[in-house]
Structure formats: C-alpha cells, structure tokens
Amino acid sequence: MSQMIRAAFISALGQDPVIRDVPPPVACPDQVLLRMGAAALNFADLLKAKGQYQEPADPPFVPGLEGAGTVLSAPAGSGLVAGTRVVVSAPGTMSQVMAVDPGAVQAIPDAMTLEQAAGFQVAYGTSHLALAGRGALQAGQTLVVLGAAGGVGLTAVQIGAAMGARVIGIARGADKVEVVRQAGASDVIDSATCPDLRAALRDLGGADVVYDPVGAEPGEAAFRALRPGGRFLVIGFAGGRPSVLPLNHALVKNIAVHGFYWGGYRGLDPQALRDSIDALFDLFRAGRLDPVAGATLPLDDLAQGYVMLRERRSVGKVVITL
C-alpha cells in the first residue's frame, strides 16, 4: 500500500483535530493491518485532547479509541483473514488505515454495520461489564442511570432492561426523555424540570444500583437514593467533577462504591473484556440490543463532532465515517 491516506491529528493540547494526508502505516509481522470504515467519539477523546486523560498522549497524535474496519492482512495463527470485518479497541482509530495487535480486534456479527460496530465496544462493554460484574444487577432490581441519553447511558438502559431490571433513566429535555423511554426505561425523569432528584428517586422507590457517568450534584443526589445494600458505579464525570459522596451513608446502609474504567481491563482482565463483547454480540444477534443511531459525520467534520460532544448535543454515539 503506497497511496496516501487521510487521518486526523491533535496537533496541540487544547485544540480541535485537523485532517492531514499522510503515508499509510506499515504493519509489523505480528500486527493486523486494517482499512477503517468508521470510528466513534467518546468523552475520553475530549479529555485526551486537553491532556487530562488518565492515559495521556503527546501531540501530535491520532485521536480515537475505538472503531471498526476490514482486515487487509493478518499474521498467521491470529484467526483473522483478509476481508474479516472487525471492531478495534486501540488508540488512533481516526485514520483510514491502522496497524494493531491481534488482541485489539474481534470479528463482528454479519448483520452489524461498521457504523454500529464503531461505537459498540466502549459504551456497551462498559455498561455490560459494570452492571453484570461490579454492579451485580439482578432481574427485578431497580437500576438508576444518570446521563441516560448519552453514549454510555443509553447502553446501560438497554442492557439493564435486557437483564430484567426496572430502569429509571435521568435525561434532560423532552426529546431525550423519549429516546430513553424507547430504549427500555420504565420511568424517566427530566432533569430540566426536576428540582429535587433525590426526592424524585425516593418517590419512585429508590435504587439498588446507580450507574453514574455524570458525577457532580446528580451523582450525589442519586447516591442518597440508594437502598440498603445498594451499589454505586462510578463510570465518569461528564458533569465536570467527581461527586462528593457521604461515606457515612455508605457505612450505615452497607453501600458499595465501585469505580469502573473499561480500558483498564485490558491489563486487569483482558479475557473478561473479550467474553463481555462476545456476550453482547450474542444479545445483538438475538435482537435484544438495538444500538441507537446518533450523529454520523464524515472525517472532514470531525471537529464538529467534538463540539457536539462538548456541548452535549448528541444522543447516543457520535460516529465518524472514514
């Protein structure tokens, strides 16, 4: 492969990405070479562009942490062949061609489009592994999902409902409330018109598990609505800061607080990641998961995608076609 390809770059911290024509990467003998079809934006991409992500990168670097594409070449024994459609979990997915470790890719179901697959792993993987693992969510229990119309929030609503839980979603605005309801929430609270989230959740019976990608005041309010023996899942801080949690409540009510970082499982338990994605693909094949179509933008409009994510104007994932 000798022709130039297009890729996005963060040239300096604090700046939006720019698109450049560059030579394609050359895969090492033990790497998989991919023609990328789509990549997804995550809140982590915003943090990484500002130098605030837990796994920082020095500019210039290619953004993107997940995507989907087609295998161009693969090492013998990898189980992959040219033409296989795969998801990839690795830094640098906002490039038309990339070379990655075989362990960073998995084949996708035949019925799944590359656009669906691009934003599937981090959001659905986070929700599935957090809820089924640390959250120990059981059928019949009540799950509260903050930021329920966001990229990970919607997946938590869908997966919680698929696991047989009663799901209470928190979203802002009538349009987002309806999307959350259609995703499987039994009850939805519009945070734009709710003056006291803690009281509203208690009126609905409280929660066994809180899934919190927001933090700040909403996280604190939801924490206080947990029932005895409840579990609080710390997923992220889209609200701008971590919640200040009253740990005396955790003590008296036997509440467990679990931090969950999906990317950290690459080192902590990579097999758990792969098993979780396999289980999610099975749910997709069975028609029990329906990835919500968010905004789909061409690579040239990547900067617009960053703005949409920053201003929380997206419903579901922002996907970039390559």
Side-chain angles (χ1 to χ4, degrees), residues 42-44 47 52-55 122-161 163-171 180 185 187 189 191 194 196-269 272-273 276:
N42 290 281
F43 187 70
L47 297 178
Q52 298 174 355
Y53 190 52
Q54 55 258 40
E55 296 177 359
V122 174
Y124 279 92
T126 293
S127 294
H128 180 263
L129 206 50
L131 293 175
R134 298 294 178 91
L137 181 66
Q138 303 297 314
Q141 292 186 332
T142 297
L143 166 67
V144 168
V145 179
L146 299 175
V152 292
L154 272 175
T155 66
V157 171
Q158 284 192 18
I159 291 170
M163 293 174 68
R166 174 199 178 201
V167 181
I168 302 173
I170 318 298
V180 173
D187 299 276
I189 296 173
S191 59
C194 178
D196 189 339
L197 179 58
R198 173 191 181 188
L201 290 173
R202 286 187 167 182
D203 288 345
L204 289 171
D208 296 296
V209 178
V210 170
Y211 181 96
D212 180 18
V214 176
E217 289 85 358
E220 295 158 20
F223 180 87
R224 292 176 181 274
L226 275 166
R227 297 168 180 161
R231 285 83 70 201
F232 187 88
L233 298 171
V234 182
I235 305 299
F237 312 113
R241 65 169 177 83
S243 299
V244 179
L245 302 179
L247 294 184
N248 57 318
H249 285 232
L251 172 64
V252 173
K253 295 168 70 175
N254 286 295
I255 290 171
V257 179
H258 295 293
F260 187 87
Y261 167 43
W262 186 84
Y265 270 74
R266 293 192 194 101
L268 181 65
D269 192 346
L273 283 184
S276 174

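Throughout, numbering of the chain's residues begins at 1 and tracks the sequence.
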Student: Output the distance between atom CG (Leu129) and atom OH (Tyr124), rounded to the nearest 0.5 Å.
Tutor: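 Atom-to-atom, Leu129:CG and Tyr124:OH are 16.0 Å apart.
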Student: Work out which heavy atom in Thr155 is nearest to a heavy atom in Ser127; give both atom names and the distance.
Tutor: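 Thr155 and Ser127 have their closest heavy atoms at OG1-OG, 2.7 Å.
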Student: Would you name the heavy atoms of Ala44 and Tyr53 that are closest together and state the gap between them?
Tutor: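 Where Ala44 meets Tyr53 most closely, the heavy atoms are CB-CE1, 3.3 Å.
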Student: Using a 3.5 Å distance criterion without hydrogens, assess whether the side chain of Lys253 forms a donor-acceptor pair with backbone atoms of Leu226.
Tutor: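 At least one qualifying donor-acceptor pair exists.
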Student: Are Pro228 and Asn254 close enough that some pair of their side-chain heavy atoms sits under 4.5 Å apart?
Tutor: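 No, their side chains stay 4.5 Å or more apart.
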Student: As an exercise, state the distance from CD1 of Ile170 to SG of Cys194, rounded to the nearest 0.5 Å.
Tutor: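 It is 7.5 Å, given to the nearest 0.5 Å.
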Student: What are the two closest heavy atoms between Phe232 and Gly219, and how far apart are they?
Tutor: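 It is CE1-O, 3.5 Å.
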Student: Under 6.0 Å between ring centres, would you say that holds for Phe260 and Tyr265?
Tutor: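 Close enough - the centres of the two rings lie under 6.0 Å apart.
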Student: Indicate the atoms forming the closest heavy-atom contact of Pro213 with Val152, along with that distance.
Tutor: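 For Pro213 and Val152, the tightest heavy-atom pair comes out as CB-CG2, 3.7 Å.
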Student: Could you tell me whether Arg241 and Glu220 make a salt bridge, using a distance below 4.0 angstrom between a side-chain N and a carboxylate O?
Tutor: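 Looking at Arg241 and Glu220, the cut-off is met.
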Student: Provide the closest heavy-atom pair for Gly160 versus Leu137 in the form atom of the first, atom of the second, distance.
Tutor: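 For Gly160 versus Leu137, the nearest heavy atoms are CA-CD2, 4.1 Å.
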Student: Would you indicate whether the side-chain heavy atoms of Tyr211 and Thr126 approach each other to under 4.5 Å?
Tutor: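 Thr126 reaches Tyr211 side chain to side chain.
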Student: Arg198: what forms a side chain to side chain donor-acceptor pair (under 3.5 Å) with it, not counting sequence neighbours?
Tutor: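 None.
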Student: Tell me, do Val210 and Arg224 make a side-chain contact under 4.5 Å, heavy atoms counted?
Tutor: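 Of all side-chain heavy-atom pairs linking Arg224 with Val210, none is under 4.5 Å.
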Student: Are Arg166 and Asp187 packed together at the side-chain level, in the sense that at least one heavy-atom pair is separated by less than 4.5 angstrom?
Tutor: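 In contact.
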Student: How many angstroms lie between atom CD1 of Ile235 and atom NE2 of His258, to the nearest 0.5 angstrom?
Tutor: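 One finds 11.0 Å between CD1 of Ile235 and NE2 of His258.
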Student: Check whether any side-chain heavy atom of Asp212 lies under 4.5 Å from a side-chain heavy atom of Val234, and answer yes or no.
Tutor: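 In short, these two side chains do not touch, never coming nearer than 4.5 Å.
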Student: Could I get the full list of side chain to side chain donor-acceptor pair (under 3.5 Å) partners for Arg231, not counting sequence neighbours?
Tutor: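 In terms of side chain to side chain donor-acceptor pair (under 3.5 Å), with neighbours along the sequence ignored, Arg231 is linked to Gln141.
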Student: Work out which heavy atom in Ala225 is nearest to a heavy atom in Leu201; give both atom names and the distance.
Tutor: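 For Ala225 versus Leu201, the nearest heavy atoms are CB-CB, 3.6 Å.
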Student: Within this structure, what is the CD1-CG distance for the pair Ile168 and Leu204, rounded to the nearest 0.5 Å?
Tutor: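 If we round to the nearest 0.5 Å, Ile168:CD1 and Leu204:CG are 4.5 Å apart.
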Student: Taking the side chain as everything from C-beta on, heavy atoms only, tell me whether Ser243 gets closer than 4.5 Å to Phe223.
Tutor: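 Answer no - side chains too far apart.
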Student: Give the intermediate values and the outcome of side chain to side chain contact (heavy atoms under 4.5 Å, CB included) for residues Leu245 and Val257.
Tutor: CA-CA 9 Å; Leu245 302 179; Val257 179; 4.2 Å; yes
Student: With rounding to the nearest 0.5 Å, note down the distance linking CD1 in Ile255 to CZ in Arg227.
Tutor: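 Going from CD1 on Ile255 over to CZ on Arg227, the span is 12.0 Å.
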Student: For Ser276, give me all partners under side chain to side chain donor-acceptor pair (under 3.5 Å), at least two apart in sequence or on another chain.
Tutor: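 Only His128 meet the side chain to side chain donor-acceptor pair (under 3.5 Å) criterion with Ser276.
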Student: Do the non-hydrogen side-chain atoms of Leu131 and Leu233 ever get within less than 4.5 Å of each other?
Tutor: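 Result yes, sub-4.5 Å side-chain heavy-atom pair found.
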Student: Quick one, Asp208 with Leu143, criterion side chain to side chain contact (heavy atoms under 4.5 Å, CB included). Give me CA distance, side-chain angles, the key distance, then yes/no.
Tutor: CA-CA 6 Å; Asp208 296 296; Leu143 166 67; over 6 Å; no
